[in-house]
S.K.: 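Structure incoming, see below.
Starting from 1, each residue takes its place in the sequence as its number. Everything numeric in this text was worked out from a predicted model, so none of it was measured.
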Amino acid sequence: MTAEASGSLPPLAERSDACAVSPAGQDTAGGAAHLGERTTAGPRLTGELRLCVGRRGAGSVAVEQFHRGSLRVLRAHYPGAGHPAFTVVNPGGGYLGGDAYSTRVTVLDGASALLTTQSATKVYRTPQGPARADLLIELGPGSRLESVPDALIAYRDATYHQDTLADLAPDASLALAEVVTHGWSPDGEPFRFEEVSLRTRVRVGGRLAVVDNLLIRPGEGGVGPLMLGGRSHLGSLLVVDPRADDSAVVALRALIADRFPAPLDGRAGRSGTEQAGSRAVPVVGVTRLAVPGFALRAIADSTEDAEAVIRAALDWMRAAWHGEGPVSLRKL
């Protein structure tokens with residue numbers, strides 16, 4: 001951690017490759033190779049995507065993009081306020097053993113974007129080795145990125161490793177959402193996948209500020225009472241934003257408590273207002289980060305419930321900080 005935190009990067013606007021879309025692993029000034037990070041350049045990439053978003057007039061547009069293999073990005077649509085939504089597509093339909101994906105998203109000074117997926121990310125059996133996905137995010141001064149993918153579904157005997165590195169200017173805004181659950185298995189037993197690892201590191205002003213490690217190993221009790229409490233879905237939202245101070249976290253906690261009341265007995269069950277046989281209210285926690293920001297975790301009984309918690313937080317941020325309406329994800 002000390003080595004990672006010791007270096008600093010020049011502002012995005014000062015880098016000659018601010019919108020570079022060269023293939024992964026080449027030693028470009030802002031890319032993973034320059035940062036000394038592990039890249040997927042060794043094995044041949046199953047899919048590769050590079051997207052650069054910049055300001056144009058009162059809105060934001062894709063100024064450069066590159067794709068190869070089993071990753072595509074659809075033409076942006078604009079739900080409102082010049083804030084484009086980009087949908088990532090995997091024509092292959094799912095991740096298999098040994099697959100390696102690399103995505104790099106750059107949002108230039110003052111620009112903004114929302115990134116989503118066309119459908120759930122499905123990870124099938126991986127006997128050839130883990131399926132891997134690396135995501136590099138670069139946010140320039142005053143920029144903003146919301147990443148709101150569909151759920152990650154890990155099937156029987158699947159191992160999936162996701163590594164996200166985000167490099168933010170001090171006044172940039174980042175929101176990373178995830179929902180993780182298990183897929184169908186022949187014996188009907190839940191959580192038969194081997195491992196899901198989601199590692200996220202965030203640098204602010206070139207210095208390491210946040211490390212978030214989510215590791216689920218069902219075979220080692222990773223979905224037991226101390227992890228998911230018998231629930232089937234885990235929702236996560238990591239936000240780094242200069243507006244996410246103590247008062248903002250207090251306001252968000254109040255909103256969550258009102259919208260998703262905790263069970264009266266303090267356990268991960270139904271609240272006193274629910275009828276027997278209904279789905280349990282999601283259990284939610286919000287933790288203030290050492291830098292302006294927060295980490296939200298929710299355990300729930302369905303994708304819809306986990307997403308409802310994440311959307312409630314995102315919609316509150318949009319209204320309070322940007323004067324915008326709720327998240328609108330149009331799936332094409």
Side-chain angles (χ1 to χ4, degrees), residues 19-25 31-32 39-40 44-54 60-79 83-96 99-108 111-124 131-139 143-154 158 160-167 173-181 183 196 198-200 235-238 303 306-307 310-311 314 327-332:
C19 269
V21 290
S22 56
T39 73
T40 53
R44 187 171 67 89
L45 291 172
T46 311
E48 184 178 3
L49 176 65
R50 301 289 178 265
L51 175 66
C52 182
V53 180
S60 300
V61 298
V63 294
E64 291 187 34
Q65 61 186 62
F66 166 89
H67 64 81
R68 181 167 58 189
S70 294
L71 281 181
R72 301 285 190 278
V73 62
L74 301 181
R75 184 175 180 179
H77 69 277
Y78 290 79
H83 185 58
F86 296 92
T87 301
V88 177
V89 179
N90 181 352
Y95 290 13
L96 303 174
D99 282 357
Y101 294 85
S102 175
T103 301
R104 177 177 176 179
V105 178
T106 301
V107 185
L108 299 177
S112 64
L114 183 148
L115 196 67
T116 187
T117 54
Q118 190 178 47
S119 60
T121 297
K122 299 177 181 179
V123 185
Y124 299 106
R132 302 179 182 274
D134 288 348
L135 172 60
L136 175 63
I137 296 170
E138 298 173 301
L139 301 185
S143 66
R144 170 182 163 210
L145 177 68
E146 298 168 306
S147 176
V148 192
D150 284 276
L152 169 67
I153 304 175
Y160 175 74
H161 295 163
Q162 179 175 294
D163 193 352
T164 300
L165 174 62
D167 177 33
S173 174
L174 175 67
L176 297 174
E178 296 281 357
V179 174
V180 181
T181 189
V196 169
L198 307 179
R199 183 188 186 208
T200 303
S236 175
L237 178 65
L238 181 66
T303 298
E307 288 180 343
I310 292 171
R311 296 287 181 85
L314 286 172
V327 172
S328 176
L329 301 179
R330 185 181 70 181
K331 306 296 182 177
L332 300 176

S.K.: Looking at Val53 and Ser60, what are the two nearest heavy atoms and their distance?
M.R.: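 Taking Val53 first and Ser60 second, the nearest heavy atoms are CG1-CB, 3.9 Å.
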S.K.: So do the side chains of Leu198 and Tyr160 get within less than 4.5 Å of each other, counting heavy atoms only?
M.R.: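 Contact flag for Leu198/Tyr160 side chains = yes.
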S.K.: Is any side-chain heavy atom of Phe86 less than 4.5 Å from a side-chain heavy atom of Val105?
M.R.: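 When only atoms from C-beta onward are counted, Val105 and Phe86 do not touch, as no gap falls below 4.5 Å.
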S.K.: Any chance you could lay out the side chain to side chain contact (heavy atoms under 4.5 Å, CB included) test for Ile310 and Val179, step after step, and finish with the verdict?
M.R.: CA-CA 9 Å; Ile310 292 171; Val179 174; 3.8 Å; yes
S.K.: Can you see whether Asp150 engages Thr117 through a side-chain donor-acceptor pair at a distance of less than 3.5 angstrom?
M.R.: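 Side-chain D/A pair, Asp150 to Thr117: present.
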S.K.: Can you give me the closest heavy-atom contact between Gln118 and Thr87, atom names plus distance?
M.R.: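 Heavy atoms only, the tightest pair is N-CG2, 3.5 Å.
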S.K.: With rounding to the nearest 0.5 angstrom, report the OG1 to CG distance, Thr46 to Asp99.
M.R.: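 So the gap between those two atoms works out to 3.5 Å.
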S.K.: Which heavy atom of Leu108 sits nearest a heavy atom of Ser143, and at what distance?
M.R.: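 Closest heavy-atom pair between Leu108 and Ser143: O-CB, 3.4 Å.
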S.K.: Rounded to the nearest 0.5 Å, what separates atom NE2 in His83 from atom OH in Tyr78?
M.R.: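 Answer rounded to 0.5 Å: 10.5 Å.
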S.K.: State the CD-CG distance between Glu178 and Leu237, to the nearest 0.5 angstrom.
M.R.: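 Rounded to the nearest 0.5 Å, the CD-CG separation comes out at 10.0 Å.
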S.K.: Are the side chains of Glu64 and Thr106 in touch, meaning some heavy atoms are under 4.5 Å apart?
M.R.: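 The answer is no; the side chains never approach within 4.5 Å.
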S.K.: Hey, does Tyr95 have a side-chain heavy atom less than 4.5 Å from the side chain of Asn90?
M.R.: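 The answer is yes; the side chains approach within 4.5 Å.
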S.K.: Kindly compute the distance separating CD (Glu146) from CG (Leu174), expressed to the nearest 0.5 Å.
M.R.: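 Glu146 atom CD to Leu174 atom CG measures 10.0 Å (nearest 0.5 Å).
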S.K.: Quick one: are Arg50 and Ser102 in side-chain contact, heavy atoms under 4.5 Å?
M.R.: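 Contact flag for Arg50/Ser102 side chains = yes.
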S.K.: Check Pro79 against Ser328 and note the closest heavy-atom contact, atom names and distance.
M.R.: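 Nearest heavy atoms, Pro79 then Ser328: CG-O, 3.7 Å.
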S.K.: Which heavy atom of Arg72 sits nearest a heavy atom of Pro91, and at what distance?
M.R.: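 Taking Arg72 first and Pro91 second, the nearest heavy atoms are CG-CG, 4.0 Å.
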S.K.: Is there side-chain contact between Arg199 and His161, with heavy atoms separated by less than 4.5 Å?
M.R.: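 With C-beta onward as the side chain, the pair stays apart.
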S.K.: List the steps, then state whether side chain to side chain contact (heavy atoms under 4.5 Å, CB included) holds for Leu51 with Val88.
M.R.: CA-CA 10 Å; Leu51 175 66; Val88 177; over 6 Å; no
S.K.: Which distance, rounded to the nearest 0.5 Å, do you find between the CG of Leu135 and the OG1 of Thr200?
M.R.: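 Taking CG in Leu135 and OG1 in Thr200, the distance rounds to 8.5 Å.
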S.K.: Would you say that Pro84 contacts Val61 through its side chain, given a criterion of any heavy-atom pair below 4.5 Å between the two side chains?
M.R.: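 Not touching, per the 4.5 Å side-chain cut-off.
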S.K.: When rounded to the nearest 0.5 angstrom, what is the spacing between CG in Leu45 and CG in Asp134?
M.R.: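 Nearest 0.5 Å value for the CG-CG distance: 8.5 Å.
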S.K.: Does Thr164 reach the side chain of Leu176, with side-chain heavy atoms less than 4.5 Å apart?
M.R.: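 Yes; the side chains approach each other to less than 4.5 Å.
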S.K.: If you look at every heavy atom in Glu48 and Leu71, which pair is closest and at what distance?
M.R.: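 Result for this residue pair: N-CD1, 3.8 Å.
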